[in-house]
S.K.: 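Below you'll find the structure I mean.
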Amino acid sequence: MTVGFQLPDVGEGIHEAEVVRWLVEVGDTVKEFEPLVEVQTDKALVELPAPTGGQVLEIRYQPGDLARVGDVLVVIGKGEERAESRSEAGGPEASAIGRVLATPSTRKRARELGVDIRKLRGSGPAGRVTRDDVERAVQAVRPLEVLPPAVATEPERPAGMEGKAAPSPSEGEQRIPLRGLRRAVAQKMVRSAFTAPHVTAFDEVDVTELIAVRREANSLLAGRGVKLTYLPFILKALAAALRKHPYLNAHMDEDRSEIVLKREAHIGIAVDTPDGLLVPVVRHVDRKSVLELAEEIRTLSERARSRTLDAEQLRGGTFTLSNMGPIGGQFATPILNHPEAALLGVHKIEERGVVHGGEIVIRSRMNVSLSFDHRVIDGAEAVRFINELKRLLEHPNLLFLEMSAAWS
Amino acid sequence: MVVGDLAQDVELLVIGGGPGGYVAAIRAAQLGKEVVVVERERVGGVCLHQGCIPSKALIHAAKTYAGTAQAAEMGIRFGTPSFEMEAFRAWQGGIVHKLAAGVESLLRANGVTVVHGQAALLTDDRAAVETAQGMEYYRFEDCILATGSRPAVVPGFGFDGKQVLSSTDALELTEVPSSLLVIGGGYVGLELGTAFAKLGSQVTIAEREESLLPGVEPLLVQVVKKNLRKLGVSVLTGTNALRQEVVDGAVRVTLEERGLTRVHQVEKVLVTAGRRPNSEDLGLSQAGVRTNAAGHVVTDRQGRTNVRRIFAIGDLTEGPMLAHKAIRDGVTAAEAIAGLASGKDALAMPAVIFTEPEIATVGLTAAEAKERGLEVSVGKFPFAANGRALATGEGDGFCQVVAERASGVLLGVHMAGPQASNLIGEAALALEMGATVEDVHLTVHPHPTLTEVLFEAAADADGVAVHLAKRN
């Protein structure tokens, strides 16, 4: 029997990957779960383990080749028979009646998730494989694919610095291989930190009125199953402020030494996931209502946490918003989401005693930290941008004046 | 490539604008690809211009014409009906034109560029297109080959388009021939032979094999054969056509049956001996694309050839030569190119034959299931016991359901009967969904309709049919 090992869906909505390095050769005998090959997606370098033990009969993609999800990378023989790819071996089979019992949409889902549906035991009548069966199978398989344990007890090494000889772990430490999303985050941060000269400006915004507006909106929306957070309001204010300060909504094209001003407001939202940071992008913030934005933020965050975002949803941002409010902290110096020129961190809203209209009163205040690429933006421009943003957030009614303002 | 010839870059080049090619183009465009389709004639392919659609118009016209006789039983009397081929051709042309215009506007709406010309691959990423204005060159990221097929020639029976006809020629006749010999008793021969018989031709069908429609469940073929007899069609099975001679507006064909030869003289001969893939002048060897011995391009389950960026779909590839197969191939290939995890995993490819009555099948026959070592239960229901079929004067035929005995899971459905082609879609859905015969007969089917035959046959397979006398 032979098994054609297909490029699995490695998550993050990746559809293709480049073969970087084979860890086995034709003729080698491999054990189940033994690493076979390293592939590079546009998010991460991933090591793929053997789905089964056997002899490597055929390697179909060479280093540098691009393979698509579902393509057979390598054929592994269990026994002496001729190589025959599983993916080309005819339609689904198995089960008592000689074929997989599953609806067409379930079979499609299995393909998308890289699950071999013929190997599943269906939980439905007559052994029918349900969509749930397929999705459960992925969760069972995932841990075999790379993802490192979640606990890190030592500071991460910067990416790009691959370990040379592997030191054996000693008593007082645990070593976590830098893989998958963690590695992708590491590489991206190194690139950004050592490419763009970062400056971070801090300020404090009075959001007392914004709180009132949000509270009123939520009470009007009660019963519609919608609950607005502050994020959609902040996004709306950002789109308006970015329009007036286009250099904050820009990319640095290093290859051509050009600053690229973006005419659309596609704002990335940093989402903390158990595997690492993901930044799904809300497209055309300027053209969407607060309600539409709220809904989109909700879906994107959920998909980020369940790791079901499409690659498309992770690309094309022009500016990034990082909301640290729910976690805590007063200030931060965020690293830019390369090649974007600016990033805004927003922090916890707190009641503080401040001088307002000549008196000390209690107001709701929120700190903001704006990191920017000093090659593109000077300090004065950054502060003018923050001032505009403050003006809009402190007088949320002004946002209505900006509402119709689709950019183009 | 000649110096000075600039290749235009295109993301996806589709060669052939038939049902597979144009569908692939639209799907790829929907997925964000920039697509150019090269088509020799008008988009729509053989299916729309020389096959499915014009033949269905002819079959319908013939049925309507022949139906005037049956109408007398219902108390309707016409004068002597007449059939004017010219008027029919105009009506048929209108249908084809309307559909082709629809396809053209869909392509336009999706931003697909259509180039009229003959394309050939030059390398694994370039193609030349010979257009009325001269040569154009394209460099593609991906390419889908969808050049389809053409009628196969029987040695000694080359088409002359006047008296020795291909199926394409037969649909372009300007008069109904007084007599017609159909060589080949497959579905095309039977469909066209039946239609011309209804329009008044004296039709003879000569089939090399021992039975008509080789490969189709024999019980279904019986129903059709009985009707051919009623229509006055002579059916010669186990008969080879050896040679022909055209004399004075007639064709003399020498037929051989079990060693005995005889000469059969007819006005026209229709040769239907299957179809051949259009793989010859496509530059396949220059691009390194592999074909099998029969000239079909070999692909994987996404339609990818041995050359990574080149896909092939439809009649050009292996498998049944059916428009709906090409359409599914086209969607699959377009999605694969766009990076989606598509794949051809349909359990069954339905087949429909527009004979009198129609035949439609999907999935395994009882014999095929047994060959695979499955225990089956078979249920059957005749159209003669269906109220709607009788009320429309079409009680011929039956529906047969094949299921796995222990689980009741549906394995196949086979019908000969009125509207069988339209009824089989439900069976295909049930099969793909993994339905059991119980699922089918517990689904309420509207009365009085032809759809009841499927649930009655499913109930019979489950041993609970109400409208059948108990069999012992």
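In what follows, every chain begins at residue 1, and chains take the letters A, B, ... in the order their sequences are listed.
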S.K.: Among Gly373(B), Ser342(B), Ala338(B), single out the residue with the greatest number of heavy-atom pairs under 4.5 Å to chain A.
M.R.: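 Heavy-atom pairs under 4.5 Å are most numerous for Ser342(B).
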S.K.: Counting only pairs under 3.5 Å, give me each side-chain donor-acceptor contact of residues 21-28 of chain B, with atom names and distances, residues two or more places apart or in other chains.
M.R.:
{"unit_1": "Arg27(B)", "atom_1": "NE", "unit_2": "Glu335(B)", "atom_2": "OE2", "d": "2.8"}
{"unit_1": "Arg27(B)", "atom_1": "NH1", "unit_2": "Gln30(B)", "atom_2": "OE1", "d": "2.9"}
{"unit_1": "Arg27(B)", "atom_1": "NH2", "unit_2": "Glu335(B)", "atom_2": "OE2", "d": "3.1"}

S.K.: Could you look at Arg128(A) and say if it's the side chain, the backbone, both or neither that has a heavy atom under 4.5 Å from chain B?
M.R.: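 It is the side chain, since no backbone atom gets that close.
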S.K.: Hey, which residues of residues 303-312 of chain B are touching chain A, say heavy atoms under 4.5 Å apart?
M.R.: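 Contacts with chain A: Arg304(B), Arg308(B), Phe311(B).
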S.K.: Less than 4.5 Å to any heavy atom of chain A: does that hold for the side chain of Ala336(B), its backbone, both, or neither?
M.R.: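 Contact with chain A: backbone only.
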S.K.: Counting neighbours of CZ on Arg68(A) that are heavy atoms of other residues, nucleotides or ligands and sit closer than 6.0 Å, is the number greater than 12?
M.R.: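 Enclosed.
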S.K.: Can you see which heavy atom on Ala341(B) is nearest to which on Glu112(A), and at what distance?
M.R.: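 In this case the closest contact between Ala341(B) and Glu112(A) is CB-CA, 3.6 Å.
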S.K.: Show the nearest heavy-atom pair for residues Met433(B) and Thr103(A), with the distance to one decimal.
M.R.: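 Taking every non-hydrogen atom into account, CE-CG2, 3.5 Å.
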S.K.: If you count every heavy atom of other residues, nucleotides or ligands that lies below 6.0 Å from Glu25(A) atom CD, does the total exceed 12?
M.R.: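 No.
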S.K.: In chain order, what residues pass the ring pair (Phe, Tyr, Trp, His ring centres under 6.0 Å) check against His266(A), with sequence neighbours excluded?
M.R.: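 Per chain and number, His266(A) pairs via ring pair (Phe, Tyr, Trp, His ring centres under 6.0 Å) with His284(A).
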S.K.: Is it the backbone or the side chain of Glu375(B) that comes under 4.5 Å from a heavy atom of chain A, or both, or neither?
M.R.: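 Contact with chain A: none, neither part.
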S.K.: Counting heavy-atom pairs under 4.5 Å with chain B, which one of Gly114(A), Pro104(A), Ser105(A) comes out on top?
M.R.: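 Counting heavy-atom pairs under 4.5 Å, the top option is Pro104(A).
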S.K.: Please indicate whether Lys108(A) has more than 12 foreign heavy atoms, meaning atoms of other residues, nucleotides or ligands, lying under 6.0 Å from its NZ.
M.R.: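 Counting other residues, nucleotides and ligands, NZ of Lys108(A) stays at 12 neighbours or fewer.
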S.K.: Taking side-chain contact (heavy atoms from CB on, under 4.5 Å) as the definition, give me every residue that meets it alongside Thr451(B), ordered by chain and number, with sequence neighbours left out.
M.R.: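 side-chain contact (heavy atoms from CB on, under 4.5 Å) check on Thr451(B) returns Leu423(B), Glu426(B), His445(B), Pro446(B), Thr449(B).
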S.K.: Hey, what do you get for CZ (Arg111(A)) to CZ (Arg301(B)), rounding to the nearest 0.5 Å?
M.R.: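 Answer for the CZ-CZ pair, Arg111(A) versus Arg301(B), is 7.5 Å.
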